[in-house]
S.K.: 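This is the structure I want to talk about, given as structure tokens.
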There are 2 protein chains.
Amino acid sequence: MSLRYALLAILRVGPLSGYDLQKQFSQSVGHVWHAPDSQIYPELRKMEAAGLVEGEDQLRGARGTRRVYHVTPEGDRAFMEWMGSPLDYQRVRDPAHLRAAYLESASPESAREFFRKHIQVWEGELAQFEGELTHIQNVSNPMLVRRLEKMPDGDREATIEYKRLAYQGLVDRAQVEINWAQRGLDLVTRLEKEKVDDDVPD
Amino acid sequence: MSLRYALLAILRVGPLSGYDLQKQFSQSVGHVWHAPDSQIYPELRKMEAAGLVEGEDQLRGARGTRRVYHVTPEGDRAFMEWMGSPLDYQRVRDPAHLRAAYLESASPESAREFFRKHIQVWEGELAQFEGELTHIQNVSNPMLVRRLEKMPDGDREATIEYKRLAYQGLVDRAQVEINWAQRGLDLVTRLEKEKVDDDVPD
DNA sequence: AAAATCATGTAAGGGGTTACATGATTAT
DNA sequence: ATAATCATGTAACCCCTTACATGATTTT
């Protein structure tokens with residue numbers, strides 16, 4: 001549902017081919033909304049059918065072509081409308097906390113492995129988010145720079161600040177996950193120790 | 001993918017009909033894994049076909065029946081195997097942070113509305129999680145009590161502690177979201193004030 | 001000449017959402 | 001008698017995932 005608006009958000013900065021968009025995607029909006037190319041190309045076609053974007057085939061070498069899309073006024077309206085509409089929140093579906101709630105059914109080693117992987121995954125995310133945050137604060141993200149160039153002076157601060165807030169939120173979230181999993185590892189160790197004490201009381 | 005294991009987690013405590021399971025669901029695992037009845041009934045049938053559970057039709061009144069499911073040894077094995085296997089992490093797809101990153105395209109009032117709703121939604125979740133956490137700490141959750149009764153003494157502490165950890169993690173997460181949205185509201189106000197100062201410099 | 005990467009998809013299948021459908025039983 | 005709730009689904013649709021497919025162009 002949001003893919004469409006994630007694509008519009010990028011295309012509003014300037015026209016792009018599906019291929020370029022997909023590359024940009026993984027480096028900007030892709031941090032908050034992942035999409036594989038197998039989803040992007042068809043979605044662009046659907047958006048074109050809906051009149052939100054228009055594509056033009058450009059020649060590339062002798063025979064090759066690439067289709068470059070730009071946002072139509074209607075696409076712009078649709079984006080604005082989405083920005084002003086209430087977000088629909090998905091119901092919780094959290095495999096990590098589901099499993100955590102039943103870890104007594106696993107071996108201590110499995111439990112440890114689970115928390116270790118959780119930390120590893122979220123450390124990865126954290127690194128990405130922090131990198132992005134730095135780029136935002138230094139105004140060194142190319143996409144952001146292009147966007148800033150195309151807007152009146154008065155809107156620039158807001159653009160930077162909202163992006164910063166968004167990524168700061170992601171950083172906070174990643175840190176909470178890492179912290180939580182760390183406490184999980186401590187708990188595994190504590191329970192294991194108590195178990196041994198029970199078995200061999202003196 | 002996890003629905004099956006969420007259902008097994010509940011059924012391992014004791015046999016239930018689809019209807020009862022669905023009720024229990026919303027009060028326990030449902031906090032971490034939502035599922036509507038239209039998904040639960042067919043999934044139970046599939047699990048039965050896969051040999052993980054067995055259902056028996058029980059009479060109810062003169063003509064009515066209800067199908068009560070219990071976990072088979074194979075279902076038990078499947079659950080244990082899942083507990084020991086690495087969790088597959090879904091790619092990020094976060095509509096709230098996506099929108100937050102582009103809020104300069106919205107009116108201050110829309111931005112405020114967005115953050116307010118975010119707070120409201122997560123306050124709701126927080127209340128649920130905190131309530132659950134209290135029930136865990138007081139050992140006053142009926143499902144938990146039934147589970148504890150069916151296990152050896154030595155496993156009880158682990159069961160309680162892991163559940164507590166899981167819900168503590170959810171509480172932490174909810175608080176981070178609320179906190180973040182609060183900062184968002186502050187930012188909207190700050191930007192609006194600066195905008196006015198720009199327009200009317202003295 | 002071979003490898004990388006540019007460029008654009010299709011097809012099958014899984015999981016989830018929403019809406020609809022149906023009838024029995026128990027409580028008021 | 002009526003309303004609530006017990007009880008169990010089906011059907012259509014959308015989004016996403018994974019795997020596969022294909023060929024052109026640029027770089028080494």
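Chain naming here is simple, since letters A, B, ... match the order of the sequence lines and numbering starts at 1 in each.
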S.K.: Atom CG of A/L7 and atom P of D/dC16: how far apart are they, to the nearest Å?
M.R.: 10 Å
S.K.: Quick one: does A/T72's side chain have a donor or acceptor within less than 3.5 Å of a partner on A/L52's backbone?
M.R.: yes
S.K.: Find the distance B/Q90:CD to C/dG16:P and express it as a whole number of Å.
M.R.: 9 Å
S.K.: About how many Å separate NZ of B/K23 and CG of B/D37, when rounded to the nearest 0.5 Å?
M.R.: 8.5 Å
S.K.: Take the protein atom OH of B/Y41 and the nucleotide atom P of D/dG9, then report the distance between them rounded to whole Å.
M.R.: 7 Å
S.K.: Go through D/dT10, C/dT25, C/dT10 for me and flag the one nearest to the B/R63 side chain.
M.R.: C/dT25
S.K.: Go through residues 75-87 of chain B and report each residue with a non-hydrogen atom lying under 4.0 Å from DNA chain C, sorted by number.
M.R.: none
S.K.: Starting at atom CG of A/L3, determine the distance to atom P of D/dC16, rounded to an integer number of angstrom.
M.R.: 6 Å
S.K.: Just how far, in rounded Å, is P of D/dT26 from CG of A/L59?
M.R.: 12 Å
S.K.: Backbone N or O of A/Y5 within a donor-acceptor pair of the A/S2 side chain at under 3.5 Å?
M.R.: no
S.K.: If you take any heavy atom closer than 4.0 Å to DNA chain D, which residues from residues 12-23 of chain A end up in contact?
M.R.: none
S.K.: Rounding to a whole Å, what distance do you find between B/K46:NZ and C/dG14:C1'?
M.R.: 8 Å
S.K.: Please report, rounded to the nearest Å, how far the P atom of D/dA7 is from the CD atom of B/Q24.
M.R.: 13 Å
S.K.: Distance check, rounded to the nearest 0.5 Å: A/H118 atom NE2 versus A/E123 atom CD?
M.R.: 11.0 Å
S.K.: Show which side-chain atoms of residues 139-151 of chain A pair as donor or acceptor with protein atoms under 3.5 Å away, not counting sequence neighbours.
M.R.:
| from | atom 1 | to | atom 2 | distance (Å) |
| --- | --- | --- | --- | --- |
| A/S140 | OG | A/H135 | O | 3.4 |
| A/S140 | OG | A/H135 | ND1 | 2.8 |
| A/N141 | OD1 | A/M143 | N | 2.8 |
| A/N141 | OD1 | A/L144 | N | 3.1 |
| A/N141 | ND2 | A/E132 | OE2 | 2.8 |
| A/R147 | NH2 | B/E104 | OE2 | 2.1 |
| A/K150 | NZ | A/V13 | O | 3.0 |

S.K.: Nearest to the A/R60 side chain among C/dA7, C/dG16, C/dT17, which nucleotide is it?
M.R.: C/dA7
S.K.: With a 4.0 Å cutoff (strictly under), does any side-chain N or O of A/R93 reach OP1 or OP2 of C/dT17?
M.R.: yes
S.K.: Applying a 4.0 Å non-hydrogen cut-off, can you work out what B/A35 is touching in the nucleic acid: base, sugar-phosphate, or nothing?
M.R.: nothing
S.K.: Expressed in angstrom and rounded to an integer, what is the separation of A/L44 atom CG from C/dA7 atom P?
M.R.: 14 Å
S.K.: State whether the distance check finds a donor on one side and an acceptor on the other, under 3.5 Å, for side chain A/S38 versus base C/dT8.
M.R.: no
S.K.: Of all the nucleotides listed (C/dG9, C/dT25, D/dT25), which has the minimum atom distance to the side chain of A/A62?
M.R.: D/dT25
S.K.: Nearest 0.5 angstrom please: B/E54 CD to B/E48 CD, how far?
M.R.: 7.0 Å
S.K.: Return the 5'-most residue of the pair B/R45, A/H34 with respect to DNA chain D, ranking by each residue's nearest nucleotide.
M.R.: B/R45
S.K.: What's the separation between atom OG in B/S110 and atom CD in A/E81, rounded to the nearest 0.5 Å?
M.R.: 11.0 Å
S.K.: Would you find a donor on one side and an acceptor on the other, under 3.5 Å apart, between the side chain of B/R93 and the backbone of A/H34?
M.R.: yes
S.K.: Does A/L165 offer a backbone N or O that forms a donor-acceptor pair with the side chain of B/W180 under 3.5 Å?
M.R.: yes
S.K.: By nearest heavy atom, map B/P42 and A/Q39 onto DNA chain D; which one lands nearer the 5' end?
M.R.: B/P42
S.K.: Within a radius of less than 6.0 Å around CD of B/E194, do more than 12 heavy atoms belonging to other residues, nucleotides or ligands occur?
M.R.: yes
